[in-house]
Amino acid sequence: MEDKEKNPENESNHKKPEKPKSFLQTVREIDAADRKAELAEEARIAEERAKREEKQRKAYEDKLRHDRIELMKLKQGVISEEDIETAPEEVRTYTVWEKIGNFFYHNKAFIIVGIMFLALVIFLVYDFIRKERPDVQSMYIAADYDMSYYSGELTQLWSKYCPDYNGDGEPLARLYYVPTGYADDTMASLYYTQGDRTKLIGEFQSGTVVMIIGDKDAYQSIGALEDVFADCREIFPDDPYAEEIGYRLAGTDFMDMLGADTVDDTDLYVSFRKPVDTMGMKKDKMQVNYDHAVEFWTNFLKEHRIDGLDLPPTPDVQPLPIDEDNYDFMESADSTSSETSVSSETAE
């Protein structure tokens, strides 16, 4: 039995199996093979490049040798200039990407300008598509601080009474708050008043805004008390809230709908400008805007008019001082503020 264990043949029959390759070893072998193939490919490309360069170099040397021989013959009088044969130049074939790169290189200035112009066109088209286009536009011009907080919320509340006149699929009635003045006479208020007055002038010249909400003081400040607004007694006959200058806003639940409890609507009117030729619009086009505004307000009154109210008449406004200039107001405000500061310093 011991001899059997020491027998070499038995040892060869019970030889230990080889350990399989690990994953990392297999990966290394694959990487080594790939690297070897890459080096072989790089060597082949380098060899072809060297052959091509050598061929170009020899062609160039042959051309120089040929030109030198021809020049020597010309100097020696063996041949004339007409007999010189110019060696044909090698025609290079460009790839598609080389042609594209060459085009961009030689036309980069025009391409940059074209891209900028295209970007501008895209921006203008996008802005035109996304721009809000109200079907009816109105302005609130009475000097009321509180209304500035509520005017932006009104659009969604009363747009449902506005037909889709411009056909963009979104009925929209927009109210702009542009006051004609402020309660105090400080320099800041006077500058704000001047800016708002400029906006009002632009809107009145455009003819787009026909529907105006304001009081007699606001109308007087812009010279609109006479021959500017249509007679609402003709637009809404037999309506006690309709007066010559406009429709009494207090005859509706406008402020309650808006939640503007702090805004007094007793002296406010909804007025409609007479269609006329303006600097920015013809009378016919303004007539269309006028008809739309009247129809919109009529739709609003069907649900928000309050019957049976006995509204007090609005007081007449005091006439404005003659030849009163805004700069006089600014100077008086400046002097008033200066006197106030001097008196405060004296008190201290």
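The first residue in the sequence is number 1, and the count goes up from there.
At a threshold of 4.5 Å between non-hydrogen side-chain atoms, the residues Thr314 and Asp215 do not count as touching. At least one side-chain heavy atom of Trp97 sits less than 4.5 Å from a side-chain heavy atom of Ile100. By the 4.5 Å heavy-atom criterion applied to side chains, Thr278 and Arg273 are counted as neighbours. Using a 4.5 Å heavy-atom threshold, the side chains of Phe254 and Asp265 count as separate. For the pair Asp239/Tyr247, a side-chain contact is recorded, criterion being any heavy-atom separation below 4.5 Å from C-beta on. No side-chain heavy atom of Leu120 sits less than 4.5 Å from a side-chain heavy atom of Met116.
Look at Lys216 and Asp267 and you find no salt bridge, because none of the NZ, NE, NH1 or NH2 atoms lies under 4.0 Å from a carboxylate O. Using a 4.0 Å cut-off between a side-chain N of Lys or Arg and a carboxylate O of Asp or Glu, Asp67 and Lys63 qualify as a salt bridge. Taking a cutoff of 4.0 Å between a charged side-chain nitrogen and a carboxylate oxygen, Glu53 and Arg57 do not qualify as a salt bridge. Here Glu48 does not pair with Arg52 in a salt bridge; the nearest charged N to carboxylate O distance is not below 4.0 Å. With respect to Glu41 and Arg44, a salt bridge is recorded, a charged nitrogen being found less than 4.0 Å from a carboxylate O. The existence of a salt bridge linking Lys282 and Asp284 is excluded, since no basic side-chain nitrogen approaches an acidic carboxylate oxygen closer than 4.0 Å. Ion pairing between Glu38 and Arg35 holds under the 4.0 Å rule for side-chain N and carboxylate O.
Atom CZ of residue Phe300 and atom CE of residue Met257 lie 4.0 Å apart, to the nearest 0.5 angstrom. Annotation: the span from Gln156 atom CD to Leu172 atom CG amounts to 9.5 Å, rounded to 0.5 Å. Taking OG of Ser271 as the reference point, atom CD1 of Ile213 lies at 9.0 Å (rounded to 0.5 Å). A distance of 10.5 Å separates CG of Leu175 from CD of Gln137, quoted to the nearest 0.5 Å. Taking CG from Asn299 and NZ from Lys160, the interatomic distance works out to 12.0 Å, rounded to the nearest 0.5 Å. One finds the CZ atom of Phe110 at 14.0 Å from the CD1 atom of Ile115 (value rounded to the nearest 0.5 Å).
Partners of Arg49 according to the side-chain hydrogen bond (donor to acceptor under 3.5 Å, both in side chains) rule, which considers only residues two or more places apart in sequence or in another chain, do not exist here. Residues satisfying the salt bridge (charged side-chain N to carboxylate O under 4.0 Å, His left out) test with Asp261, not counting sequence neighbours, are none.
Counting only N and O atoms by type, the side chains of Gln287 and Asp291 include a donor and acceptor under 3.5 Å apart.
Side chain of Asp135 to backbone of Ala173: no donor-acceptor contact under 3.5 angstrom is found. In this structure, Tyr241 contributes its side chain and Ile306 its backbone to a donor-acceptor pair below 3.5 Å.
When all heavy atoms are compared, the tightest approach of Asp168 to Asp164 is OD1-OD1, 3.0 Å. Residues Ala142 and Tyr177 approach most closely at O-CE1, 3.8 Å, considering heavy atoms. Across all their heavy atoms, Val178 and Met139 have their closest contact at CG2-SD, 4.2 Å. For Leu268 against Met255, the heavy-atom pair with the smallest separation is CD1-CE, 3.9 Å. For the pair Ile141 and Ala218, the tightest heavy-atom approach, listed with the atom from each and the gap, is O-CB, 3.7 Å. Contact record, Pro275 with Met286: CA-SD, 3.9 Å, taken as the closest heavy-atom pair.
Atom NZ of Lys274 has more than 12 neighbouring heavy atoms from other residues, nucleotides or ligands inside a 6.0 Å radius. Around CD of Glu226, the count of heavy atoms belonging to other residues, nucleotides or ligands within 6.0 Å does not exceed 12. Residue Glu61 places its CD atom among more than 12 non-hydrogen atoms of other residues, nucleotides or ligands, all under 6.0 Å distant.
Within the cation-pi definition used here (under 6.0 Å to the ring centroid, within 45° of the axis), Arg248 qualifies as a partner of Tyr269.
Side-chain heavy atoms closer than 4.5 Å link hydrophobic residues (I, L, V, M, F, W, Y) into clusters, and following such links, even through other members, never connects Met281 to Val288.
Between Phe272 and Phe236, the ring-plane angle classifies as tilted under the 30° and 60° cut-offs. Ring geometry for Phe296 versus Trp158: interplanar angle over 60°, hence perpendicular rather than tilted (30 to 60°).
The side chain to side chain contact (heavy atoms under 4.5 Å, CB included) test with Val270 singles out one residue from Leu249, Thr252, Leu301, and that residue is Leu249.
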For this session: Test Trp297 against Val136 for side-chain contact (heavy atoms from CB on, under 4.5 Å), laying out the working first.
Result: CA-CA 10 Å; Trp297 185 246; Val136 171; over 6 Å; no
Exercise. Given the rule in the side-chain contact (heavy atoms from CB on, under 4.5 Å) test, do Lys51 and Glu54 qualify, once you have shown the distances and angles that lead to the verdict?
Worked result: CA-CA 5 Å; Lys51 290 180 179 180; Glu54 180 66 19; 5.6 Å; no
